[in-house]
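Notes follow the structure.
For clarity, every value in this text was computed on a predicted model and none was experimentally measured. Protein chains get the first letters and strands the later ones, always in sequence-line order, with residue 1 at the start of each.
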2 protein chains.
Amino acid sequence: MAPRTTTPTTDGPATRDRILLAAASLLDEAAGGAVSTRAVCERAGVQAPTLYHHFGSRQGLLDAVVSHGFREHLAARQDREGGTPEDPVDAVREGWDAHVRFGLDHPETYAMIYGAVRPGEPCGVAREVEAMIRATLEPAARSGRLRVTPAQAAAEVFAASSGVTLALIQQPADGRDDGLSHRVRDAVLAAVLVDGPSSPTPAPGDGPAASAVALTAALDAADDPPLSPGERVLLRELLDRLAGG
Amino acid sequence: MAPRTTTPTTDGPATRDRILLAAASLLDEAAGGAVSTRAVCERAGVQAPTLYHHFGSRQGLLDAVVSHGFREHLAARQDREGGTPEDPVDAVREGWDAHVRFGLDHPETYAMIYGAVRPGEPCGVAREVEAMIRATLEPAARSGRLRVTPAQAAAEVFAASSGVTLALIQQPADGRDDGLSHRVRDAVLAAVLVDGPSSPTPAPGDGPAASAVALTAALDAADDPPLSPGERVLLRELLDRLAGG
DNA sequence: GGCGCTCTATAGCGTCGCTATAGGTTGTAC
DNA sequence: GTACAACCTATAGCGACGCTATAGAGCGCC
């Protein structure tokens, strides 16, 4: 009998993935604090030095779990639903709901992102999510539905939606305020989007020319745009060029 | 010589407060994870059983620190500024700002609240803060300025403001988006308050900002706008100014 | 005097994150 | 065909952690 002490690299999931999976399942099923490296090693059938060989530290492992889990969640969603809605604003709403749902599906994982916040720069996962939101907002901006820059809007949406998600996670599952997420979502979006389905801004597909015309008109009507006289003249010239005059 | 082994109850701060203070200072000065019960005991000049006698557990101590710190922050604010504004809606805005500022003043403490979130019921501190927000909203409700129940409004305000605070904490201190908090605040309040005669900002008609945003996006999507690279950069700067307000 | 609260003091249990050390097995490169 | 690096096993332990047990001293109160 061959002593089955070592696992050939060809069979089963790679050791790294087994560790990842073990950590993820422990994180999901147990109360947050219970994910010890020892428990992960036992479940993965792996020795401690192996874990540290792959992930460096406990935090490195947890970061990898969160990042991997979120990416999988997004992939699964896209597979299930074929794609994003055609209306860019509906797509933004859809993105908000997906974010909140991920948090409720994996509360321990989600809470862990914010358990490790430090005044310093990181958490990489949060940055990733915010960039994802900004990407969702870009089409809306292109159709003239945004009243602020996509970066600003993304910051607001990210902050508000993660706050809602954390608040919902803290509530007991049976007594959750089901409307909370949508109420805050619509409040934030209302402040970020131009009013109404049809706006004074040009039609979506018209390109820069129409937007330039609209902006020229808006500038003429505005009382005190934050521009110096020289800047005003300069901007006007550029807008005229864009308008194709 | 009397062996100064025990401290009479009459001199110095009470033991409980010394422990609280030691934990608070450790939390503020060190990176979050460094607040061990042993370090707290050493700094407070206290034995381990005493700590557990007063606070039950490490988490109980941390809860007390956060709660006490927040109450002190509020008291200090009220002392500095004479009291809450007479207009109930202004008081709500003031409460939001106080909440966010507390988080930025004590990032480690604030982040800790959310590091301990569990799907189950707790965290006592969060409940306490939400109740505080509800109390602030009560006068506004009494004067007929709320369009939802105070409890609903408090849930929204709590979720959004804590999300904003956590987002700001994660940003590097020098590159913080100063307007983020107020933008989200006004968005949430606008959805929760009846459209009163006194609004925070005088009816922002879409104006040039929305057109500027739309044009920026259209330029990004356009293949070959009739502009030189230099003109493009210049136009972008002007458009950002118009969009940023 | 008895009782309960508060605090000291020592000592220890079980667990944790992490590392040192050593040896076995693999696929690849020279 | 052997040397090599990567990967993994296995054991064993360090220092720190949260928390508790136990015993007793000083104090205020009925």
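Sorted by first then second residue, the salt bridge (charged side-chain N to carboxylate O under 4.0 Å, His left out) pairs that include residues 35-47 of chain A, not counting sequence neighbours, are A:Glu29-A:Arg43. Listed by first then second residue, pairs satisfying ring-ring contact (aromatic ring centres under 6.0 Å, His included) with a partner in residues 47-66 of chain A number zero, not counting sequence neighbours.
An OP1 or OP2 oxygen of C:dC7 is reached within less than 4.0 angstrom by no side-chain nitrogen or oxygen of B:Gln47. At C:dC7, one or more side-chain N or O atoms of B:His54 fall inside 4.0 Å of OP1 or OP2 (strictly under the cut-off). OP1 or OP2 of C:dT6 has not a single side-chain nitrogen or oxygen of B:Thr15 nearer than 4.0 Å.
For the pair A:Ile19 CD1 and D:dC8 C1', the interatomic distance rounds to 10 Å; values are reported in whole Å. Atom NE2 of B:His53 is separated from atom C1' of C:dC5 by 7 Å (rounded to the nearest Å). Between the C1' atom of C:dT8 and the CZ atom of B:Arg18 lies a distance of 12 Å, rounded to the nearest Å.
Across all strands shown, A:Gly60 has no heavy atoms under 4.0 Å from either base or sugar-phosphate atoms.
Checked against salt bridge (Lys or Arg N to Asp or Glu O under 4.0 Å), B:Arg142 has no partners two or more places apart in sequence or in another chain. By the side chain to side chain contact (heavy atoms under 4.5 Å, CB included) test, B:Ala151 pairs with B:Arg134, B:Thr149, sequence neighbours left out.
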Side-chain donor-acceptor pairs under 3.5 Å in residues 179-192 of chain A, sequence neighbours left out?
residue, atom, partner, partner atom, Å
A:Ser181, OG, A:Trp96, NE1, 3.0
A:His182, NE2, A:Asp97, OD1, 3.3
A:Arg183, NE, B:Glu156, OE2, 2.4
A:Arg183, NH2, A:Asp177, OD2, 3.1
A:Arg183, NH2, B:Glu156, OE2, 3.4
A:Arg185, NH1, A:Asp97, OD1, 3.2
A:Arg185, NH1, A:Asp97, OD2, 3.0

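Taking the six-membered ring for Trp and the full ring otherwise, A:Tyr110 and A:His99 have centroids separated by under 6.0 Å.
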Under 4.0 Å protein heavy-atom contacts per nucleotide of nucleotides 14-23 of chain D, with B for base, S for backbone only and - for none = ---BBBBB--
